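Bear in mind that the values here come from a model prediction, so they are computed numbers and not experimental data.
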Amino acid sequence: MIVTLKVQQVMDIKRGALNKLGLFDPIFKRGYGEETDFTSKAREKGWKNLRILDTFIYHRSHASFKEETNQLKEENKKINMERHPDVFKL
């Protein structure tokens, strides 16, 4: 069972993982933390998260949410810290 995580902003998720784990949790507000929750749930259920080192993805940091960025990050991080406190120790 493998879920691949290329970089935080881009994910390649196998259909089998989506079928077993479901989609991103809508509790997460736009843009931050939903990938952490998904990959943490995957890991907790025995799937592997892989980092692909030979792929380049350009991501313009904070372009999507501009002034909302910090607030969205903080709110969603609180949810992940409650659900998956160990992920921040990895």
Side-chain angles (χ1 to χ4, degrees):
M1 296 184 281
I2 296 176
V3 176
T4 56
L5 175 62
K6 292 180 181 173
V7 295
Q8 279 188 313
Q9 297 85 6
V10 176
M11 294 177 70
D12 178 14
I13 304 171
K14 292 190 176 276
R15 172 58 60 188
L18 285 175
N19 292 342
K20 296 265 185 192
L21 301 168
L23 301 174
F24 288 159
D25 190 328
I27 194 171
F28 290 93
K29 296 179 181 146
R30 303 178 308 134
Y32 298 98
E34 68 279 1
E35 78 286 359
T36 301
D37 180 62
F38 186 88
T39 56
S40 294
K41 287 191 295 190
R43 184 175 40 83
E44 291 161 5
K45 295 196 182 217
W47 291 78
K48 292 180 182 177
N49 296 302
L50 301 178
R51 193 167 148 198
I52 308 301
L53 300 176
D54 63 351
T55 301
F56 175 78
I57 305 292
Y58 174 77
H59 177 79
R60 187 171 168 210
S61 192
H62 311 300
S64 299
F65 308 112
K66 296 182 177 50
E67 64 278 345
E68 295 177 274
T69 297
N70 290 336
Q71 181 181 351
L72 289 168
K73 280 182 174 180
E74 284 304 312
E75 290 173 4
N76 291 344
K77 185 176 181 179
K78 286 179 188 175
I79 297 167
N80 272 315
M81 288 184 80
E82 290 174 13
R83 289 182 176 186
H84 317 285
D86 62 311
V87 80
F88 296 96
K89 297 175 188 172
L90 297 176

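Rounding to the nearest 0.5 Å places NZ of K48 at 15.5 Å from OG1 of T39. In this structure, CD1 on I13 lies 9.5 Å from CG on N49, to the nearest 0.5 angstrom.
Closest heavy-atom contact between K20 and W47: CG-CZ2, 4.0 Å. The heavy-atom pair separating F38 from M11 by the smallest distance is CD2-CE, 3.9 Å.
Judged by distance alone, with hydrogens and angles left aside, the side-chain atoms of N76 form no donor-acceptor pair with the main-chain N or O of F28 at under 3.5 Å.
A search for side chain to side chain contact (heavy atoms under 4.5 Å, CB included) contacts involving I27 returns D25, I79, R83, not counting sequence neighbours. Remark: E74 engages no residue in a side chain to side chain contact (heavy atoms under 4.5 Å, CB included) (not counting sequence neighbours). Residues passing the side chain to side chain contact (heavy atoms under 4.5 Å, CB included) test with E75, sequence neighbours excluded: K29, Q71.
In this structure, N80 and E82 have side chains that are not in contact, with every pair of non-hydrogen atoms separated by 4.5 Å or more.
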